[in-house]
Amino acid sequence: TIDGCSINDNQGRDASALYIHGYDDVPYLIRNTEFTGNSTEVYGSSVIRSDSYYAHLEMENVVIRDNFVRDYGYAIFALSSGTFSNVTIANNMDSAFGTQARGGISLQPSYEERASEIINCTFSNTGIGVHFSTPSPDALPAIIKNSIFHESDYENISLHWGCNGCLQVEVSYCLFEGGEENIYQQDEESVIIWGEGNFDEDPQFVDAGNGDFTLQSTSPCIDAGDPSDLDPDGTRADVGAHYFYQEYQGPNWYVEVTGDDSSGNGSLEHPFSSIQRGLNAAGTTDTVLVSSGTYIENIIWPETLSITL
């Protein structure tokens, strides 16, 4: 497990920042980590490379940007499946040709039966977003959703060796520049499941040129993700690796015995635990909805008398 690290300004052959090799059928976890400024002067290379056929890469809250691969390398190259959540891969270049990197993630899960998932990720100015090849005959369809594919000089998704339908990819609720036509299929045997909620608009990053891929308040990615997924602020999931915090503003404030006055925001999904906290948050004409249960507290009624409890 790698957690809370900055892996920057390294040089290496095959992989400039991290190389994984082994035969154990175990997940490799990388969380809350940044990879920037890594490079290779000679030989084909990625930033992260896994030559373990049985490993499963798991990445969460990871940033891979401003690195140099070489000779059509990908930022991440793995001979396995992977799960990627809130991962930003952006502004990576190919030092051999002075162009965008060949791509963000390349997965070739030949011997695995686990599905790959790419959820709430951002790919920008880094070549092909995701490349799949040589799947296991028993592999489940890969899932790509709530993600941004933007400013690629190549296609957004590339599929090789469809293996009589073994290679299946489902794309939904993504900002997908160029639409479904921006998916490349090397043969007719791979299967694309073009799901609901995909759209093609400017994501309105705050400052992509300087590595800030958070969303402006007017971004079309806000509340455009899968409706069954929620952001930490209790609102519908945003699209991309960085959600836009929206402070809950009522007008209904929820209180439950199992709620939390510290981490809750008074929404239905994140209720308060005390009636007093609900009253303090409520505006002039708001309503505080209290679920059944036992609340032991001394309530100070606000001066605003029109609150409904």
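On a predicted model such as this, the values are computed, not experimentally measured, just so you know. Count residues from 1 along the sequence.
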More than 12 non-hydrogen atoms from neighbouring residues, nucleotides or ligands closer than 6.0 Å to [atom1] on [X], yes or no?
{"X": "Y72", "atom1": "OH", "answer": "no"}
{"X": "Y43", "atom1": "OH", "answer": "no"}
{"X": "E196", "atom1": "CD", "answer": "no"}

Keeping the roles fixed (side chain from [X], backbone from [Y]), state whether a donor-acceptor pair exists under 3.5 Å.
{"X": "N38", "Y": "F35", "value": "no"}
{"X": "D231", "Y": "D233", "value": "no"}
{"X": "S46", "Y": "Y74", "value": "yes"}
{"X": "T218", "Y": "Q216", "value": "no"}
{"X": "N10", "Y": "S16", "value": "no"}
{"X": "N92", "Y": "N67", "value": "yes"}
{"X": "E297", "Y": "I275", "value": "yes"}
{"X": "N86", "Y": "A241", "value": "yes"}

To the nearest 0.5 Å, what is the distance between [atom1] ([X]) and [atom2] ([Y])?
{"X": "I183", "Y": "E155", "atom1": "CD1", "atom2": "CD", "answer": "10.0 Å"}
{"X": "Q276", "Y": "W301", "atom1": "CD", "atom2": "CH2", "answer": "9.5 Å"}
{"X": "S124", "Y": "Q100", "atom1": "OG", "atom2": "CD", "answer": "8.0 Å"}

Check P203 against L215 and note the closest heavy-atom contact, atom names and distance. O-CD2, 3.8 Å
Shortest non-hydrogen contact from M59 to I48? CE-CD1, 3.7 Å
Give the C-alpha distance, both sets of side-chain angles, the deciding distance and a yes or no for side chain to side chain donor-acceptor pair (under 3.5 Å) between S274 and D261. CA-CA 7 Å; S274 70; D261 282 354; 2.7 Å; yes
Aromatic ring pairing Y245/Y243, orientation class (parallel under 30°, perpendicular over 60°, tilted between): perpendicular
When you compare the side chains of H242 and T122, does any donor N or O come within less than 3.5 Å of an acceptor on the partner? no
The test is ring pair (Phe, Tyr, Trp, His ring centres under 6.0 Å); show your working for W253 and Y248 and say whether it passes. CA-CA 9 Å; W253 301 89; Y248 184 72; 5.2 Å; yes
Can you name the salt bridge (charged side-chain N to carboxylate O under 4.0 Å, His left out) partners of D187, sequence neighbours left out? none
Using side chain to side chain donor-acceptor pair (under 3.5 Å), reason through T83 and H56 one step at a time and then give a plain yes or no. CA-CA 8 Å; T83 301; H56 182 83; 2.8 Å; yes
Under 6.0 Å from the six-membered ring centre of F272 and within 45° of its axis: does the NZ or CZ of R277 meet both? yes
Residue pair V255 / V288, side-chain heavy-atom distance below 4.5 Å: yes
Can you check whether N156 reaches Y184 side chain to side chain, under 4.5 Å on heavy atoms? no
Are F84 and I148 connected in a single hydrophobic cluster, I mean Ile/Leu/Val/Met/Phe/Trp/Tyr linked by side-chain heavy atoms less than 4.5 Å apart? no
